[in-house]
Structure formats: C-alpha cells, structure tokens
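Accompanying notes for the structure given below.
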Amino acid sequence: LMHLTRRLIEIRSMLLSIDKSDALRLPSIVVIGSQSSGKSSVLEAIVGHEFLPKGSNMVTRRPIELTLINTPAKDGKEPEVYGEFPALGLGKISDFSRIQRTLTDLNLAVPSTEAVSDDPIDLRIYSPHVPDLTLIDLPGYIQISSADQPETLKEKIAALCDKYIQEPNIILAVCAADVDLANSTALNASKRVDRLGSRTIGVITKMDLVPPEQGVQILSGEQYPLELGYVGVVCKPPGKQDRTESTAQLAQQTERDYFRSHREFASNSSLMVSTDRLKKLLIKVLESSMASSLHGITNAVQLELEDAQYQFKVQYNDRRITAESYFAETTDLLKARFKEFATQFRKPQIRAKLREMLDVRVMEVLETLYWSDKRTTTELTALADDPKVKPNSVDLNWRRKLEAASSLVTKSGVGRDSTQLIAGGIHALMDSIVSGEPFTYHPRAAKSLVQFSHTILRERVGVTLDQVENCIKPYKYEVEVNEREWEIGRTEAVKLFENEIKMCVDKLKEIASKVGGGRRLSNLVSYVKMLEESDREKKARMLKGDAASEAPVDEYRYPPAQILDARRAMLFSERLNILKLRLGALKSKRCRAGPENDAICPEVFLSVVADKLAYTAAMFIDIELLDHFLREFPHVIDSRYSFDSKDIAEFARENPRIREHLNLQERKDKLEEAMKQLNSLATLRPDIKERTPQR
Ligand code: GDP
C-alpha cells in the first residue's frame, strides 16, 4: 500500500498545480503548534536533516508544503538525498543548509506589513530514509505580539492555520510536555474543527523535561482523548558545535536511550513513543485517509474533467495549439505584412511621393517670386499671347527670375528632405505593422521590432542623403530640357494648377457656407474692403497732419470671426485669379511650343526641374536606403527572434486569447492524466475500502 500513498501524493501535486480549490484536495498532514513547542525539531527528526529556518523572531511566514519521497536503493547503491523547490527551478539541492537558507530567504521576502502569507512554498525531499508523506508546516502560534510585530499578527497566524486544518487534512498538534495541555493553542484549534479528535494526532515533545510518570499520564490521553492518540518524542537537537553528518542518528540514539532507560515507557506497549513510532503512525493514517478519499477525489476529478472537456469542445472545437505554433503564426503574419508593405515602397511610389513634396515647394517659389509681383499677371501673362515676341528677346529680368526660381528649388535641401520623407514613411508604416492585433498584446516585441527598423534606417539615412545631394548637384547649375520633357512638364503643371484651382474653389465654398451663404460672404468682403479703405485714408490724413475727425466706420457690424473668414476668402480668390490666368498661359500656343519659352512659362520649367529631382532622388533612395532595409529587416525577424522555448511560451501567453486556450488545454490534459492515474488505482480499491483509520 506504500504504493498507493506514493501515487496519490503524485496525483495530489498534479491536482495542486491545476488549481488549489479544496474540491480537488487530497489529504495532507498539517503541522501546528505554538512557538517553541518543538515543531521544527519534530519535522527535522522525521526528515533526518536540519533544514528549517531558525531564529529568535518568527521565521516561518509562509506555509511549507513538504513532500517526502522515498527513494529506494538501486542496484545495492544508496540513492542520493536531496531537496527540490519545483517552483524556483534551482534543481537538486543536496546541501541541506542551502535549503535552510533558501527557506529563510523566501520567508523574509514576505513584506513585514503583510507578516504572514498564505502562498505556500513547495519543497520536496528525496531520500531513502523518509517515508512517502506530505506535511504542511505552518507558522507557530504566538501568545503575545511583541513590539515590532503588527497587532494583528496573532490573528493572522490563527486564521492561516484555521484554513489548513479543515477536512480532509490530518492535524498534527504539537504540544510540549512541560506545558499544560489545557493551554495548548494547537489542541484547542484542532478541537474546534475536529470535535471527536478523529483526524488529530497529538505529538508531545520535550518528554525529557517532565518526570516519566507525568509523561505517561499525558500520553494516556485521559485529559483530551484523541482517536488517533498521542505520541511522545524527545528530539532535542544537538548543540551547534557538533553539527555533523550523524546529527540525526545521534538525536535518534538520545531518544531511544531515553525511552529505554525509563521503565514506565519500556514496559507499557500501549504507549506510543519515539519519532520512529510517529513516522509509522503518520504513514498509516495518511494512507488510510488517502484511501478513503480516493472515491471522492475520483468523482471530483471526473466532474472537473468532464467540464474541462466540454469547455474545450465548445470554445475551441477540440483544436489543440502550442506556444510554438502561435509564435510561428505571428512571425508569418509579420512577414506577410512586411511584404505588403514593401510594395508601397517601390520606385514609382517613392517618385510620386517626392514629386508631391517638390510640387509644394515649386508652388511656394512661384508664389514668392512671381505671384507677389503684379507684373507677372499683366506683362508675363500677356507675353504668352503675343506672337510678335521672340523667346530670346524676352526681358532679361524674366530670365534672371527663372534662374533664381530654379535655384531656390534645387538648393532647398532636396537630399535631406526627400531621404527623411521616405525614412519617415517607413517609420510610420513599421508602426502600423506592429500596431493592431496581435502585436497589441506583445508590446515588448513590437517595441524592439520598431527599434530594429530605426537602427537599420539610422545607419543608412546619412549615406543616402549625401548620395542624393551629390547626384542632383548638376541641376543646381543648369537644367537642360528637351522637347519631350517640356511637354510632359507642361502637362504635369496644367494638372497641378487645375488641382490648385479646385482646392481654392472648394475653400471658398466652404467659407461661404460657414458664414451663411455666398451673398453674405460677398457682403462681408465688401465691408472688409471698406474698412481697409477707411484705414488707408486715415493713415494718409495722419501723415499730412490733418486730424479732422470723421464719422467712424461701424467696426462691430459683423462678428470678428466672420471678418477673419472674409479676409481668408479674399486671399483665396486673389490666388484663384492668378491661378486661372497662369493656367491660361500654360495652355497657350507659346507655352506649348517648347523649352525655348522657359522664361515666359516658368511653371513648366520648374515642373521639369521637380520631375528630374524626384527621379534622381528616388533612384538613390531606392538603392541606398530601401533596398538595404527591405533586405535587412526579414533577417531581423528571423535571427533576433530566435527565442528559446521559454521565451516563446511567455510570448504566446501575452495574448489573452492564446493564454486562455492554452490554460484550458493544459487543465484538460492534466485532469486526463490524473484521471488515468486514479483509474489505474481502482484495482486496489476493494482492499482499500476495508481499511479505516487506526493506530
Ligand atoms: P518551534 O518554535 O516550535 O519550531 O520549536 P523548536 O523546534 O525550534 O524548539 C524550541 C526549543 O525547544 C529549542 O531550543 C529546542 O532545542 C528545544 N527542544 C525541542 N525539542 C526538545 C526536546 O525534545 N527536549 C528538549 N529538552 N528540548 C527540546
């Protein structure tokens, strides 16, 4: 039957890892006792090693779930003795003082404001000298809170113990022989939950401190009868100076000698004394308690399993996933998005983007150099329609203006601006690739992807803009235009102007509807013109020193916001007039004739310049920046993301949808495994049922 306890202990830890709900609990032995009752000494005597935290102030702040696993000798060789903290991943620890230190650290990590925590520490000990047992060590009861302990500490410890001494757990109530049982906090607590004492074992420590007759009296259990009885022990730990390998044996020997040397114990076989006896009792009690829980636990697990299976079917249609498959899926998605992204950054697309940027610049230059000059609308526009003027006889002024305009466009930092425009576009697209599902769940991965792309770009931007600037250098001195280029440039310029005209018309409509209609807008405009007129007159008079006052214009006839709108409308219509005039010129015979008319048709010439700049810049940005980026980035996805399996599991669990799926799947798997194990124990059941808890 050792086999049964062992396997149920395994099933118990499996169930504990699923959830800590009481329904799934198999019985364990819970050790309670007042501080200094000798609780630690008893536990260490059972394990045969000193491993529990020691210290003057309370050091057990968290329950210790102690699982003892008997490892039988193999091929006549003594197996290794070691401990393990499964949750910490520290591996096998064969140095018990290291286990002691680890336990102390874990206990001290509980914030002092919290004082005690109900999060248990899982510790397993493998040894040929221990029986298969599960014991839970709890903080010792304290009588009075000392100055540096919070008021509620006493209550907190009591509450924690109360939680653990519930059914089906077996209670090991540790009491010192030299303290009256009536004062034993442990016994009193156990009596509250186990009135008949059917699952409580009394352990009387420090038997050597009372006269043997008194010891016998306590063990007889007359004062507080317990069905499972009392066991008397002496486990006085040897002094620090002789802490050697054989400490355990020494202590055992001391105990044995004590009980042998006193006739009272030696002659009364009905009394239970010694740690050995205690061990045997624990094994027996746990075994039968486990056995009687078997039926209940099997049913509970079966119900849990059915529920998990049903949920898995309904929610996921029995589809299994792994963290790896999710990771691969995400990486594929990333690559697909990137591929799609790359199509937005082919040469023609870049060229169009750069062209747009340069068109804005051309318009700005035209505005400052030409449109602000009244002669543009009159003289220059007239030239386009004058058949008598020969291209080379055009006023030198217009030629100089054209040169200035061209140089304003070519020397405006095209290399820097165009490179940054495209790099900015890549940044924005990278941001959009990693925003949205599923990357919203993986902020760390998304951030590092963006960082990688920034790094690649940063390395290339400087080189690229220098290259672009270098290659457009010739255009800063001279731009040669052939017939074909001229006609293309003219068509582009016409399109651009038509667009601008449409934009101005739309703006004017928008303003009109905002102020309440076209009529209202023209009233507003006339009013503003009148205001401006009167302003001018006032200034003129003041200059002449004529201060004669005159009826003021009613400045508050319209709300200020509408006056502003009217002024904006005036600017737009002024611009609209110029655009229309120049569009006419662009369509004239002369502008159509060819590049020799560049001074008369600056818009066409500048359009050709913009086109040449965009073409050259696009070519070098493509070679120096994009090609590089598009080649590097997929490597980044493949290499930098070669996570190990732990990273991948973590990554997958960042996505709540995947996390829930994995959780349910794991829960179902574990329950299935537990059920399988429980079913394999079924053959033992007839035998088990006959067994009842006994001494
Ligand atoms: P805990 O606070 O309940 O864990 O108690 P400990 O195991 O730390 O023991 C408290 C004190 O009692 C220590 O000084 C031990 O040396 C001492 N002690 C424990 N068991 C015995 C025993 O069987 N006999 C004697 N004389 N002293 C003991």
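All ligand and atom numbering here is 1-based and tracks the order in the structure.
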Answer yes or no: is there an ion pair linking Glu673 with Lys670, defined by an N-O contact shorter than 4.0 Å?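 No, this pair does not count.
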Fit a plane to each ring of Tyr258 and Phe265, take the angle between them on a 0 to 90° scale, and name the class: parallel (under 30°), tilted (30 to 60°) or perpendicular (over 60°). tilted
According to the interplanar angle, ranging from 0 to 90°, do the rings of His442 and Tyr326 count as parallel (below 30°), tilted (30 to 60°) or perpendicular (above 60°)?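 His442 vs Tyr326 ring planes: tilted.
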Ligand-residue contact atoms, ligand 1 with [X], heavy atoms, under 4.0 Å:
| X | answer |
| --- | --- |
| Ser36 | 1 (P), 2 (O), 3 (O), 5 (O), 10 (C) |
| Ser34 | 3 (O) |
| Leu209 | 26 (N) |
| Ser40 | 1 (P), 4 (O), 7 (O) |
| Asp208 | 22 (C), 23 (O), 24 (N), 25 (C), 26 (N) |

Check: [X] N/O within less than 3.5 Å of ligand 1 N/O:
| X | value |
| --- | --- |
| Gln35 | no |
| Cys235 | yes |
| Gly38 | yes |

Rounded to the nearest 0.5 Å, what's the gap from OH on Tyr82 to OG1 on Thr71? Could you check?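 Answer rounded to 0.5 Å: 7.0 Å.
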To the closest 0.5 Å, what do you measure between OG1 (Thr134) and CG (Leu66)? 9.0 Å
Does Gly140 have a heavy atom less than 4.0 Å from any atom of ligand 1? no
Glu650 and Arg444: side-chain contact (heavy atoms from CB on, under 4.5 Å), yes or no, with the steps? CA-CA 11 Å; Glu650 246 170 54; Arg444 276 181 310 143; 4.3 Å; yes
Option nearest atom 18 (N) of ligand 1 (shortest heavy-atom distance, choices Glu255, Met207, Lys206):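 It is Lys206 whose heavy atom sits nearest to atom 18 (N) of ligand 1.
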Under 3.5 Å donor-acceptor, Asn655 side chain and Arg657 backbone: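 Flag set: sc Asn655 to bb Arg657 pair under 3.5 Å.
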